[in-house]
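Below is one structure, written out as structure tokens, with a few remarks after it.
Just follow the structure's listing: the first ligand is 1, and inside any ligand the first atom is 1.
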Amino acid sequence: MDKLKSVQEALKVKKEVLEISSELISLMGQFLRRNGFIEILPVIISPITDPLNHSVFDATIKYYDGSYSLTKSMIFHKQLAMRIHPKIFSFSPNVRLETEDKKDSGRHLIEFTQIDLEMREATRDDVMTLVEEMLKDVFEKLEEEFGTLLREMNSHFSTIKPPFKRVKYLEALEEYGPDFESVLSKRATQPFWLIDIPVDDREFYDKLDATGKTLRDMDLIYPYGFGEASSGGEREYEYESVLRRMKYKGNDLESMKWYLEEVKRGIPSSAGCGIGVERLTRFVCNLEDIKNARLFAKKPGELSI
Ligand code: AMP
Ligand code: MG
């Protein structure tokens, strides 16, 4: 298969980028621990995983009479973990076998890592405030060790000043048309929140708001055209609402029965988000393509080590 990339290609990542990425990971973990979070180990395989709102190639492994899915996101495990601890995070490896049309987006890999966090009984605002404070703290500390180097890389990180503007999804759609996210990201000089995303654009687990049309959720969008940084929101947690949303979305109830049983037994209300680590590294280091943000990067439509 001529789509196989060489090992040399997979190793074409600058030493400084790896050092900055390592520091980002460390600083985010430290910030969350200081704020009462504990780190849980990631789940790599499970009978249940995020159904996503777009289709990807299947990634399941047969095991005896059953099968495991490779984790697309830890959303359900985060919700269940809320029974044990009120604030958790994980550096969660996700496998999403994206189609090759995403190859040139500059921001898609088929194996990537989210810093995935969840807070019991929290609201969307709590999560947005936490992320703003985390980025402020992490960027200030990054400045000390890597400020000069990052300015040589023409990074925008030191100009980032939370709190970030909030933009309503439907208002942006009306004003700028279907490509609004990319239009707004390109013209922005600060990250911004995209809030109140329409129900049809998201999975069943983000909480429906009082309008019944949009969700209590949000995306964080990077400026200078770097696009989406994070998605998150408040979660559905009551059995009837979860079931209604799954049916509306057309999710396969049979394959989700383990989750549904637990929701019936009772899971806490929560809110959280996931921030792509490679995308954060790409933004901070001002990299053209996400493949240069980590070692052994795997782009859609290719095979790599
Ligand atoms: P999602 O819940 O699908 O929005 O994913 C959470 C976050 O993970 C996104 O906001 C991105 O930062 C990151 N992410 C999602 N898909 C990819 C991908 N294919 N490659 C790299 N990062 C991704
Ligand atoms: Mg998203």
G274 neighbourhood, listing ligand 1 atoms whose heavy-atom distance to it stays under 4.0 Å: 6 (C), 7 (C)
Side chain, backbone, both or neither: E98 near ligand 1, heavy atoms under 4.0 Å: side chain
R124 bridged to D206 by N-O distance under 4.0 Å: no
Six-ring centre of Y239, K264 cation under 6.0 angstrom, axis tolerance 45°: yes
Whether D219 has an N, O or S atom under 2.8 Å from the Mg ion (ligand 2): no
Lys/Arg-Asp/Glu bridge criterion (N-O < 4.0 Å) met for K299, D289: yes
Part of S231 with heavy atoms under 4.0 Å of ligand 1, whether side chain, backbone, both or neither: both
Nearest option to atom 11 (C) of ligand 1, as decided by whichever heavy atom of R279, R202, H54 sits closest: R279
Distance-only N or O hit between ligand 1 and L109, under 3.5 Å: yes
Nearest heavy-atom neighbours spanning K78 and E118: NZ-OE1, 3.1 Å
Verdict with reasoning, I110 to F57, per side chain to side chain contact (heavy atoms under 4.5 Å, CB included): CA-CA 10 Å; I110 60 165; F57 293 110; over 6 Å; no
Considering only N, O or S atoms of E228, the one closest to the Mg ion (ligand 2): OE2
Distance-only N or O hit between ligand 1 and G276, under 3.5 Å: yes
N/O/S atom of S231 inside 2.8 Å of the Mg ion (ligand 2), strictly under: yes
Electrostatic pair E203:R235 at N-O distance under 4.0 angstrom: no
Atom 3 (O) of ligand 1 [closest protein heavy-atom partner, distance rounded to 0.1 Å]: R96 NH1, 2.7 Å
Whether S230 lies under 4.0 Å from ligand 1, heavy atom: yes
Region of H108 engaging ligand 1 - heavy atom pairs below 4.0 Å: both
Protein contact to atom 14 (N) of ligand 1 [nearest heavy atom, distance to 0.1 Å]: F112 CE1, 3.3 Å
Salt bridge K207-E234, side-chain N to carboxylate O under 4.0 Å: no
Structural part of P300 in contact with ligand 1, heavy atom criterion under 4.0 angstrom: neither
Protein heavy atom at shortest distance from atom 10 (O) of ligand 1: E228 OE2, 2.5 Å
S73 and N94: side chain donor to acceptor below 3.5 Å: no
Cationic N near anionic O, under 4.0 Å, D200 to K213: no
Min N/O separation A229 to ligand 1 under 3.5 Å: yes
Side-chain ion pair, R83 and E262, N-O less than 4.0 Å: yes
Residue part near ligand 1, for R107, under 4.0 Å between non-hydrogen atoms: backbone
Evaluation steps, ring pair (Phe, Tyr, Trp, His ring centres under 6.0 Å), between F157 and F226: CA-CA 12 Å; F157 92 104; F226 282 87; over 10 Å; no
